[in-house]
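Following: one structure in structure tokens, then a few remarks.
Sequence lines set the chain letters: A, B, ... in the order given, protein chains first and strands last, and positions in each chain run from 1. The analysis underlying the following values was restricted to heavy atoms, covering all of them including side chains, and did not include hydrogens, waters or symmetry mates.
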Amino acid sequence: MVNRILVGAHYGLKDWIIQRATAVLMAVYTVLFLVVLAIVRPDSFEAWRSIFAHGFMKFATFLFLLSLFYHAWIGVRDIWMDYIKSGGLRLLLMIATVAVLVGYAGWATQILWRM
Amino acid sequence: MATSTMQFKIYRYDPDKDNAPYMQDISVEVNFDVDRKLLDILTRLKAKDDSLSYRRSCREGICGSDAMNINGKNGLACLTEIKDLKQPVVLRPLPGLPVIRDLIVDMTQFFKQYHSIKPYLINDGPRPDRERLQSPEDREELNGLYECILCACCSTSCPSFWWNPDKFVGPAGLLNAYRFIADTRDQATNERLDDLEDPYRLFRCHTIMNCVDVCPKGLNPTRAIGKIKEMMVRRAI
Ligand code: SF4
Ligand code: SF4
Ligand code: FES
């Protein structure tokens, strides 16, 4: 293949907004979680469990986890784009990143709803 | 007469003679009555050893040609006060660009990025008899943008530009892009935003803000980049 500089994929804004939005969601959840901890003061496994038994906590935690994984995806992909010069290796690393994050998301959700 | 000796460590490399770059220790007599700026000293050093190479032209912060890395920070030799410099003064070429010789770097990549943003007014409307007018408020928006002298201090201090100089426009190019996006006389706003909506061209900027820290003209490329992003958001939602 001829060596041309390839730019012009024309995406990036959506990810940039999502990166910011997920950061806000995670910050809000962190505050919420600290408040809940301060109120409940869990000292046993049952007490921990009761926090997540609540429907709202499940919803908020699920949202937090999705934000975390999407945020991580954009951040890690940016690292690959900055430092990995070989296109093939970059694609491989991106696929691996997505695979790991999607796997984590499924696993985390399953744990959450078992609580 | 207030004279004293100043110590320098200067990056030297002549590809015709040297196998590898090296740092040269050199001292020079400085006369503080007449020598004010680093460029004055470089002139003295050049008189001592005329093989020392660097660019300069206007000697007053207008042409942007004598940008270099001074004690680890990019700046213009002609605007740098010698009194403030810690010794030995370490001079290196701008980081991230290929060295042609000593303190002279190859700026091709930098100007390629600058040209890629179409740094000229695009307006297909009928030509006015005299100039295209702007209201004072609209003109206000161009302040802090048009003053850029393309010295490359900012782009060559930007890690994102080091990693992807061929794909990331860099702070200088993006500041100039916003100069035309912000210009009410320009009609290509949409095309300009389309061109920059790209994971490499604009979104390689991770707001590290090295660029703001070094600009010898006191400009703020990060703010210009933020405004481009803001306009994209406003266009999208
Ligand atoms: S923005 Fe400042 S540092 Fe960057 S090229 Fe222009 S004048 Fe130089
Ligand atoms: S703010 Fe952006 S353009 Fe400026 S140095 Fe940081 S990454 Fe580079
Ligand atoms: S010599 Fe022109 S900017 Fe320094």
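More than 12 heavy atoms of other residues, nucleotides or ligands sit less than 6.0 Å from atom CG of B:Asn143. Atom CZ of B:Arg92 sits in a sparse spot, with 12 or fewer heavy atoms from other residues, nucleotides or ligands closer than 6.0 Å. Heavy atoms from other residues, nucleotides or ligands lying under 6.0 Å from CZ of B:Arg185 number more than 12. Applying the 6.0 Å contact sphere to OH of B:Tyr22 captures more than 12 heavy atoms from other residues, nucleotides or ligands.
Separating the CG atom in A:Leu13 from the CG atom in B:Leu202 is a distance of 9.0 Å, to the nearest 0.5 Å.
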What would the table of donor-acceptor pairs between chain B and chain A look like if you include every N and O pair under 3.5 Å, whether backbone or side chain?
from, atom 1, to, atom 2, distance (Å)
B:Trp163, O, A:Lys85, NZ, 2.5
B:Trp163, NE1, A:Tyr83, OH, 3.3
B:Asn164, OD1, A:Lys85, NZ, 3.0
B:Asp194, O, A:His10, ND1, 2.7
B:Glu197, O, A:His10, N, 3.4
B:Glu197, O, A:His10, ND1, 3.4
B:Glu197, O, A:Tyr11, N, 3.3
B:Glu197, OE2, A:Gly12, N, 3.1
B:Glu197, OE2, A:Leu13, N, 3.0
B:Asp198, N, A:Tyr11, O, 3.4
B:Asp198, OD1, A:Gly8, N, 2.7
B:Asp198, OD1, A:Ala9, N, 2.6
B:Asp198, OD1, A:His10, N, 3.4
B:Arg204, NH1, A:Asp78, O, 3.1
B:Arg204, NH1, A:Asp82, OD1, 2.8
B:Arg204, NH2, A:Asp78, OD1, 2.8
B:His206, NE2, A:Asp82, OD2, 3.0

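Partners of B:Ile104 by side chain to side chain contact (heavy atoms under 4.5 Å, CB included), not counting sequence neighbours, listed by chain and number: B:Ser53, B:Arg55, B:Ile100.
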